[in-house]
Amino acid sequence: MAADCVFCKIVAGEIPSTKVYEDEDCYAFADNNPQAPTHVLVVTKKHLTDIADAGGDPEAAAGLLAGIRGLAEQENLRDFRTVFNTGAGVGQTVFHVHAHVLAGRPMGWPPG
Ligand code: 5GP
Ligand code: ZN
């Protein structure tokens, strides 16, 4: 748990969230500013700052991928987009690794 980390506080239940999925390593909840009909954030229970940081912790990284899979299975998502913003320059605002899982509308490529 990192002091002043919004997502650590959500994992700890100190900030309310709409839980969608949970397992041993991950917690997943609805984004409060959804960009698609389904917009879920999958976060590691352990505080890591971004996906590059998580890559240095193979157990946590594998747990995060397993969490995305578990969420997709539970919610019956077949087509979904997974986004990891890394760095303020591309819009990361919360420095606790999180996968945006987006689904339910057409999505172009490249994303723009
Ligand atoms: P980032 O821009 O860092 O990739 O994504 C952070 C995401 O977290 C944003 O989409 C934002 O809407 C969401 N978010 C930030 N604070 C909260 C919160 O307190 N509750 C929920 N549910 N989502 C949050
Ligand atoms: Zn954190």
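Read the numbers this way: they start at 1 and go in the same order the structure lists the ligands and their atoms. The structure presented is a predicted model; accordingly, all values stated were derived computationally and were not measured.
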How many angstroms lie between NE2 in His39 and NE2 in His100, if you round to the nearest 0.5 Å?
5.0 Å
Point-to-point distance, once rounded to the nearest 0.5 Å, from CE of Met107 to CG of Asp79:
9.5 Å
Applying side-chain contact (heavy atoms from CB on, under 4.5 Å) to Asp53 and not counting sequence neighbours gives Leu48, Thr49, Asp50
Hey, is Lys45 close enough to Glu24 for a salt bridge, meaning N to O under 4.0 Å?
no
I'd like the contact residues of ligand 1, where contact means a heavy atom below 4.0 Å.
Val6, Phe7, Ile10, Phe29, Ala30, Asp31, Asn32, Asn33, Leu41, Asn85, Gly91, Gln92, Thr93, Val94, His98, His100
Can any side-chain N or O of Glu14 pair as donor or acceptor with the backbone N or O of Lys9 at less than 3.5 Å?
no
Atoms named by residue and atom, protein N, O or S, within reach of the Zn ion (ligand 2) (under 2.8 Å):
Cys5 SG, Cys8 SG, His47 ND1, His96 ND1
Check the side chains of Ser17 and Tyr27 for a donor-acceptor pair under 3.5 angstrom, ignoring hydrogens and angles.
yes
Check: Val11 and Cys8 side chains under 4.5 Å, non-hydrogen atoms
no
Step by step, work out the ring pair (Phe, Tyr, Trp, His ring centres under 6.0 Å) result for His98 and His96.
CA-CA 6 Å; His98 53 281; His96 177 133; 7.9 Å; no
Under the side-chain hydrogen bond (donor to acceptor under 3.5 Å, both in side chains) test, residues paired with Thr38 that sit two or more places apart:
none
